[in-house]
Amino acid sequence: MPSLKSVKTGAISAMILTSAIMINDAQALTVYTAGPGSLSKSLAAGFEKQTGIKVNIFQATTGKVMARLEAEQANPQADVLISASWDTAEDLQQRGWLQPFESANAAKVPDQFKTANYVAQGISALGIVWNTQSNTPEPKTWQDLTAPAFKDKVTTPDPALSGASLDLLIGLQNSEGEKAWQLFDQLKANGMVMSGPNAQAVTPVLQGAKAAVFGAVDYVTYNNIAQGESVKVIFPENGTVVAPRPMMILKSSQHADDAKKFVDYVLSDEGQEQVAKAWLMPARTDIKAQRPLFTEIKLLPTNQDGSSERSAVLKRFGALFGQ
Amino acid sequence: MSRALNGFILLALLLLVALPLLFIVLQALFPYFGEGSWRGAFSAFPALLDDPQLASMWLGTLKIGGGVALCSLLLGLPLGALRGLFRLPGAALWDLLFLIPFLTPPYIVALSWTLALQRNGYIEQLTGINFDSLLFSSSGMIGVMTLNIFPVVYFAVSRSLLASGQRLAWVARVHGASAWRGFWYITLPLTLPALAGGVLLAFTLAIEEYGVPAALGAQAKLTLMTVGIETKLADWPIDLPGAASLSLMLSLVALTAWLLQRKLTGSSDVTAVGGKPVTQELAHAGRLQNLMLLPFAVTVLLAVVLPLGAMTLSGLLNTLSGGLHLSNLTLRHFGALFSQQGDALAAFSTSIGLALGAALLTGALGFLIAWRVSEGKTRLLAMMDGLALLPAAMPGVVVGVGLILLWNRGFWPVSPYNTMFILLLSYSCLLLPWPVRYVSSALRQLAPTLEPAARVHGASRLQALRLVVLPLVAPSLLAAMMMVFAVASRELVTSLLLAPAGTQTVAIFIWRQFEQGSVGQGMAMATLTLFASLSLMLAATVLMRRQAR
C-alpha cells in the first residue's frame with residue numbers, strides 16, 4: 001500500500017518538523033493574558049523590540065486562561081499570567097504557584113494594587129453604561145435603575161461569567177448589607193435581565209434594545225464611545241468597585257529572568273502608556289490616562305475574605321435571576 | 001490485510017477519540033488528576049448531584065435537543081425528498097445555499113438574529129414590529145438552532161435518494177401503485193437509515209451546541225448542559241472535575257440516542273444498489289416545478305438571507321446606536337480588517353488550512369470506518385461505530401480539556417500540543433462522526449454482493465474498494481466532507497482553548513473583536529470569511545463537475 005506509506009512518511013516528517021519548531025519556540029516567553037487583545041499585542045511587540053526576546057501570547061477570557069492553566073498543571077507552559085480578577089492571583093499565591101518578584105518600576109504603584117508576588121498591570125472600574133438616546137433620565141445612582149422609566153430596560157452581566165461583575169455585588173453587599181439585596185430584588189421586579197459575559201450585556205444597550213447595563217466593565221465602553229457609539233459610562237454617586245488586573249510570574253517558569261524583564265517592561269513608562277491607550281487606568285499613578293482615575297471615583301469598601309463569600313453571593317444572585 | 005486495517009483504524013480511533021475521552025473520565029473520577037495525583041477519588045460527584053440546577057438543565061437540554069431534532073426532520077425530510085426525487089432547477093445552488101448555515105459560527109447567527117429581531121432591532125427599525133418575546137424563549141432557541149442544523153437531515157435524505165435512485169419505486173408503479181404509495185412504501189423506507197442517522201446527528205448537534213444557548217438562553221431563562229459546563233470552566237476557581245462529570249452525563253444522553261437509533265434501524269434490509277449503475281433518472285416536476293421551489297425559497301430566506309443580511313448590515317454600520325440610516329453606513333470595519341498587521345488574513349489562512357486538513361483526514365478515516373463497520377456484525381466493529389459517533393455528543397470544550405490532559409504530559413517524546421496539530425486533532429475528533437454517519441447510511445444501500453462480484457472477477461480488495469464501493473458512496477462522502485470543511489473553518493470553542501500561543505483562527509479573531517466591544521469589526525470579518533469560503537467551495541464544486549464530465 002504505497003499511499004498509506006507515503007501518508008505515514010508525511011506524518012512523521014511533519015511531526016519532526018513541528019517538534020523542531022517547538023524546540024525553537026521554547027526560547028520564547030509565554031504570556032497568558034485576559035483582556036484587551038490589542039494591548040497584549042502591542043506590549044509583546046514593544047517588549048520584543050526593546051529586548052529581542054520573543055513573546056508568545058495566549059489571550060482569552062479569564063475563565064479560559066485559568067482553565068487552560070489548570071488543565072496544564074502536569075506540564076505547565078505559561079511564564080507570565082495576567083488575569084482580570086484579583087482573586088485568581090490571591091488563590092494562586094495560596095496554592096504556592098507564584099514566584100515572588102517586586103519590580104523596581106512598581107514603586108509608583110499604590111500599595112493596594114501590589115503584593116510581594118503580583119502587581120496590577122492596569123485597572124478598570126465598573127459602572128452603569130447608559131444609552132444617551134434611550135429617552136430615559138440619566139441615572140446617577142444604582143437605585144435609579146429601579147425607577148419606572150427603566151422598566152424592562154436594564155441588563156447585567158452574569159456574575160458567574162464575569163469576575164468583575166461579581167466583585168461589584170460583593171462590594172455592594174459589604175457596604176450596604178441586606179439593603180444591597182433589596183436593591184437586587186427591586187431590579188429584578190423592574191425587569192432587569194441577566195445575560196452572558198460583559199460584551200453580551202452591553203451590545204443590546206448599544207442597539208437600544210435596553211437602556212442601561214447594571215455594572216459593566218468600563219474600558220470596553222470607552223472604546224465604544226471612541227468609535228462613535230452614543231453611550232456613556234456613569235460611576236454612581238453611592239460608589240462602585242475597581243477591578244485591578246494582576247500580573248504574576250509562575251513558579252514553574254523556565255524563563256524567570258525574561259519574565260521579570262517583561263513585568264518591568266509593562267510597568268515602565270512605555271508599557272504603562274500603552275495600558276492607558278487601551279482605555280484602562282495605568283497601575284502607576286504618575287502616568288496620564290485619557291479617562292477618570294480611581295482617585296476620582298467613589299469606591300465601595302472591599303474586604304474579600306476567602307471564596308466562601310464569593311460562592312454564597314453567586315449562589316444567591318443566581319437563584320434570584322436564574323430560572 | 002483486513003486485520004492490519006482494523007488495527008490501523010483502532011489506533012486512529014484510540015488517539016483521536018478514546019484517549020481524550022479516557023482522560024476526561026479520569027478527571028471526573030479523580031479531581032486532582034490534572035496535577036497528576038490520584039487522591040480524592042469520586043469526591044466531585046456529591047457536589048454535582050447537589051447542584052439545584054441539574055434537573056432543569058437535563059430537562060432543558062432534552063427539550064431543546066428533541067425539539068430541534070423533530071423540527072429538523074419536519075423541514076429537512078420534505079426538502080431532501082424533493083431534491084432527491086425531482087429534477088429541480090438550480091439543484092446544486094440550493095445545496096450550496098443550505099451549506100451556508102454551517103459556514104457561519106452559531107453564536108454569530110444567534111447574535112445576528114438578536115440584532116434583527118430584538119426590541120429596536122433592524123426589523124423593528126424597518127417595520128415597527130419586534131419579535132423580542134419570541135426570540136428569547138425556548139421556541140425561539142429551537143427555531144434558530146433548527147434553521148442552523150436542519151441541513152444535516154436534508155443532505156442525508158437527498159444524498160441517500162440520489163444514490164439509490166427510484167428504480168424500485170418505479171417497479172411498484174409499473175405494477176399499479178400510485179406515485180404516493182410508491183414513495184410511502186418503497187422510497188421512504190429505503191432512506192430510513194439515512195434519515196435516522198441524520199436526525200440522530202441533528203439531536204446530538206443540538207445538545208452539544210454552545211453558541212445559541214449562550215446567546216439566547218439567559219434571557220429565555222433556560223440553562224442547557226453545555227452552558228452549565230462552560231460556566232464551571234468560566235469563573236475562578238475552575239471546576240474541572242465538575243465540568244468533566246457533567247460532560248460525561250451529556251455523552252451518555254447521546255449514546256442512548258445512538259443505541260436507540262441502532263435498535264430501530266439495525267435489522268431492516270435497505271439494499272437498493274444491486275448491480276450495474278444506471279444513469280440517475282430524476283422525475284420531471286412539470287407544472288408543479290415552481291410550487292416545489294417555493295419551500296426552498298422560503299427556507300433560504302429564513303435560514304440564509306435574514307441572518308446573513310443582519311450580519312452583513314452589522315458589519316456595514318458605523319455605529320450600532322446610530323441605527324439604520326444611509327449616513328450611518330461605512331466600509332471602515334471591512335477596511336480595518338486589512339490594516340491589522342495581517343492578523344485577519346493570517347487567521348483566515350490558518351482556518352482554511354485546518355479545515356481542509358480536517359476534511360481530508362475525517363473523510364478518509366470515516367470512509368474506512370464506515371466500510372469496515374458495514375461488513376460485519378462483530379462486537380469489535382460495533383465498538384468502532386460507537387466510538388466514531390461519540391465525539392458528536394461531547395461538548396467541544398470538554399474535548400479541548402481532554403486533549404490538553406492527554407497531550408500536555410512530560411512522558412510524550414513528541415507532542416502535538418502547542419502546535420497546529422492539536423487543533424487538527426480536535427477538529428478531526430469532533431467532526432469524525434459526520435463522514436461515518438453519511439457513508440455508512442450510503443453503504444447500507446449497497447448490495448453485499450457487489451464487492452465479492454468484483455473480487456471474483458479478479459479485482460484485489462483494494463481495487464474493489466476503490467473502483468466499486470468508493471464511487472458509489474462518493475456523493476455522500478463528498479457532502480460530508482464539505483460539511484466538515486464548513487464547520488471546521490469556523491469552530492470556536494476548542495480553538496479558544498487549544499490554539500497555540502500566538503495563533504489565531506477566524507472564530508477566535510471574531511470572538512476577540514466581540515469581547516472588546518467591536519461588534520462591527522467582528523461581523524465584518526464573519527461576512528468576509530463567509531463569502532470567501534463560499535467562493536472556495538463553489539470553485540471546488542465547479543472543478544469537480546468539470547472533471548466528472
Side-chain angles (χ1 to χ4, degrees), chain A residues 1 14-15 18-19 21-22 25 30-32 36-38 56-64 66-68 70-75 77 85 87-88 91 131 133 158 160-161 163 166 193-196 199-200 202-204 206-209 220-221 223-224 227-231 307 314 322-323, chain B residues 8 34-36 52-53 56 111 114-115 118-121 132 136 214-215 218-219 221-223 230-231 233-238 240 243 318-323 341 397 401 404-405 408-410 414-421 462 496-497 499-502 512 514-520:
Chain A
M1 288 199 304
M15 270 182 156
T18 39
S19 50
I21 295 169
M22 277 171 69
D25 251 4
T30 304
V31 178
Y32 283 17
S38 49
N56 279 328
I57 299 275
F58 172 70
Q59 188 246 317
T61 53
T62 303
K64 282 276 173 346
M66 301 311 286
R68 181 153 159 161
E70 183 117 4
E72 283 177 350
Q73 273 181 80
N75 185 20
Q77 305 278 343
S85 157
D87 272 20
T88 54
D91 201 64
N131 186 325
Q133 297 175 334
D158 185 347
L161 298 173
L166 181 55
V193 292
M194 187 169 78
S195 46
Q200 210 170 308
V202 177
T203 311
L206 294 180
Q207 206 188 25
V220 179
T221 305
N223 196 24
N224 284 329
Q227 304 273 312
E229 298 283 0
S230 47
V231 285
S307 57
L314 198 57
Q323 335 275 322
Chain B
F8 171 74
E35 57 185 71
Q53 284 205 318
S56 65
L111 189 65
T114 310
L115 289 171
Q118 74 182 353
R119 201 170 357 142
N120 208 29
D132 206 69
F136 298 112
Q219 287 200 56
K221 306 250 178 240
L222 212 60
T223 308
E230 190 74 18
T231 310
L233 293 175
D235 194 41
W236 191 254
I238 303 295
L240 219 53
N318 188 23
T319 60
L320 263 185
S321 53
Q341 299 131 39
V397 62
V401 171
I404 297 182
L405 289 174
N408 188 38
R409 299 270 161 174
V414 192
S415 162
Y417 191 63
N418 254 334
T419 69
M420 294 292 206
F421 279 93
L462 210 63
L496 268 180
L497 205 59
R512 288 187 184 160
F514 284 156
E515 232 175 58
Q516 290 152 49
S518 317
V519 176

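Letters A, B, ... mirror the listed sequences (proteins, then strands); counts begin at 1. Because only heavy atoms are used, hydrogens play no part in the values below, and waters and symmetry mates are left out as well, while side chains stay in.
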Need one label for [X]: side chain, backbone, both or neither, based on atoms under 4.5 Å from any heavy atom in chain B.
X: A:Gln207; value: both
X: A:Val202; value: neither
X: A:Gln59; value: both
X: A:Gln200; value: side chain

Under the side-chain contact (heavy atoms from CB on, under 4.5 Å) rule, collect the residues that match up with B:Ala243, sequence neighbours excluded.
->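 If we apply the side-chain contact (heavy atoms from CB on, under 4.5 Å) test to B:Ala243, skipping adjacent residues, the hits are B:Ile229, B:Lys232, B:Leu233.
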For A:Ser195, enumerate each residue passing the side-chain contact (heavy atoms from CB on, under 4.5 Å) test, keeping only those at least two apart in sequence or located in another chain.
->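 A:Ser195: side-chain contact (heavy atoms from CB on, under 4.5 Å) contacts with A:Thr155, A:Ala201.
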A:Gln227 side chain vs B:Thr319 backbone, donor-acceptor pair below 3.5 Å =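 Looks like no, no N/O pair under 3.5 Å.
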Count the heavy-atom pairs under 4.5 Å between each of B:Gly323, B:Ser518, B:Ala215 and chain A, then report the option with the highest count.
-> B:Ala215
side-chain contact (heavy atoms from CB on, under 4.5 Å) between B:Leu115 and A:Thr203, intermediate numbers included = CA-CA 9 Å; B:Leu115 289 171; A:Thr203 311; 4.3 Å; yes
Under 4.5 Å between any side-chain heavy atoms of B:Leu320 and A:Asn224, yes or no?
-> no
Run the side-chain hydrogen bond (donor to acceptor under 3.5 Å, both in side chains) check on A:Glu72 and B:Tyr417 step by step: do they pass?
-> CA-CA 10 Å; A:Glu72 283 177 350; B:Tyr417 191 63; 2.3 Å; yes
Does the pair A:Gln77 and B:Asn408 meet the rule for a side-chain hydrogen bond (donor to acceptor under 3.5 Å, both in side chains), with working shown?
-> CA-CA 9 Å; A:Gln77 305 278 343; B:Asn408 188 38; 2.6 Å; yes
Name the option with the most non-hydrogen atom pairs under 4.5 Å to chain B; the candidates are A:Ser230, A:Ala199, A:Ala209.
-> A:Ala209
Which heavy-atom pair separates B:Ala499 from A:Phe58 by the least distance, and what is that distance?
-> O-CD1, 3.9 Å
CG/B:Leu496 to CZ/A:Arg68 distance, rounded to the nearest 0.5 angstrom?
-> 10.5 Å
